[in-house]
2 protein chains.
Amino acid sequence: MKTEAEALDMIGDHFRRARLAAGLTQEQVADLAGISRPRYRDVETGAAAARATTLINVARALGLEMMLVPQAMVPAIEALLSPQGEDDRPAFSPQAEGDDE
Amino acid sequence: MKTEAEALDMIGDHFRRARLAAGLTQEQVADLAGISRPRYRDVETGAAAARATTLINVARALGLEMMLVPQAMVPAIEALLSPQGEDDRPAFSPQAEGDDE
DNA sequence: AAAATTTGATCCGCAAACATATCTCAGTAG
DNA sequence: CTACTGAGATATGTTTGCGGATCAAATTTT
């Protein structure tokens, strides 16, 4: 695995930013997402490949939403989010698709 | 859990659409994503809460990308994708956040 | 300073995702 | 009818995410 780990790391970084911006502790977010604190920590650090439902719950606890979009549309969406400059950082870099790896 | 199952179902439906649009078999996509066919089938049917890396790989195998976006921006992004009307269907409905459940 | 809070990190036990193999059924082609 | 392909479904065993408890380090608060 290669890009997968990077993706997880970017997700975790995104979550951390959103959490700090919201002024929440790890435990608070973990509780909101319905997961344990050690596990939320793993998500933030990208230590583990969390389940889809876990990521969805964490995202929603932080006011975020996971979306599936065509790779070709990613730049446009990023452009749409950047100016808003809240705390939104698109999740994954669309660096070509390595298919598997 | 409630909405989680729905989200998984929507993801699976999205994948299936993209797969058929690409003219690929389940086995081909599973191979591209680096997972077994029975498991990819579970993903399509929403039977299992796949891992984050699994979803990322499947998405990329289908020319899609997963993104984390502020819930407030979801409608705008959907509007951006709708006109394209290819095979893009935003993944999850942003119906408030149930936090945990 | 000490005390409280937040975070990093680890272990154990359990549940679930995962691979592999196998079987069946629907559809199409021979 | 038989042969082939795509897809649904199940069984077994391995891997791993997960909760809970527990520890220490870093930060903040009094």
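Labels below follow one simple rule: chain letters A, B, ... track the order of the sequence lines, proteins then strands, and each chain is numbered from 1.
- For the pair B:Tyr40 OH and C:dA19 P, the computed distance is 14 Å after rounding to whole Å.
- Of the two residues near DNA chain D, B:Gln28 and B:Asp42, the one whose nearest nucleotide lies more 5' is B:Gln28.
- Across the protein-nucleic acid pair, B:Phe15 atom CZ and D:dA7 atom P stand 16 Å apart, rounded to whole Å.
- Across the protein-nucleic acid pair, B:Arg51 atom CZ and D:dT14 atom C1' stand 11 Å apart, rounded to whole Å.
- Between A:Glu27 atom CD and C:dA9 atom C1' there is a gap of 16 Å when expressed in whole angstrom units.
- The shortest distance between the side-chain N/O atoms of B:Arg41 and the OP1/OP2 oxygens of C:dA17 is not below 4.0 Å.
- Rounded to whole Å, atom P of C:dG27 lies 16 Å from atom CD of B:Gln26.
- Ranking D:dG17, C:dT7, C:dT20 by closeness to the B:Ser36 side chain, first place goes to C:dT20.
- The closest side-chain heavy-atom distance from B:Ile56 to A:Glu4 is not below 4.5 Å.
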ask   = Taking it one step at a time, do A:Gln28 and A:Asp31 satisfy side-chain contact (heavy atoms from CB on, under 4.5 Å)?
value = CA-CA 5 Å; A:Gln28 287 174 329; A:Asp31 189 58; 5.8 Å; no

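- A salt bridge links B:Asp42 with B:Arg39: the closest approach of a Lys/Arg side-chain nitrogen to an acidic carboxylate oxygen falls below 4.0 angstrom.
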query = For B:Val58 and B:Ile11, what are the C-alpha separation, side-chain angles and deciding distance, and is it a side-chain contact (heavy atoms from CB on, under 4.5 Å)?
reply = CA-CA 11 Å; B:Val58 170; B:Ile11 297 173; over 6 Å; no

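- Donor-acceptor pairing under 3.5 Å, judged by distance alone, is present between the side chain of A:Arg39 and the base of D:dG19.
- For the pair B:Asn57 CG and C:dA17 P, the interatomic distance rounds to 17 Å; values are reported in whole Å.
- Among the nucleotides D:dT16, D:dA7, C:dT20, the one closest to the side chain of B:Thr25 is D:dA7.
- The residue among B:Pro38 and B:Ala47 whose nearest nucleotide of DNA chain C lies closer to the 5′ end is B:Ala47.
- Contact check for A:Arg60 versus A:Glu65: side-chain heavy atoms found under the 4.5 Å cut-off.
- Between the CD1 atom of A:Ile35 and the C1' atom of C:dC14 there is a distance of 17 Å, given to the nearest Å.
- A close approach under 4.0 Å does occur between a side-chain nitrogen or oxygen of A:Thr54 and OP1 or OP2 of D:dC18.
- When each of D:dC18, C:dG8, C:dC18 is scored by its nearest atom to the side-chain atoms of A:Ala50, the top-ranked nucleotide is D:dC18.
- Distance CG (B:Asp31) to P (D:dT5): 16 Å, rounded to an integer number of Å.
- Evaluation of atom-type donor-acceptor distances gives a pair under 3.5 Å for the side chain of A:Arg37 against the base of C:dG8.
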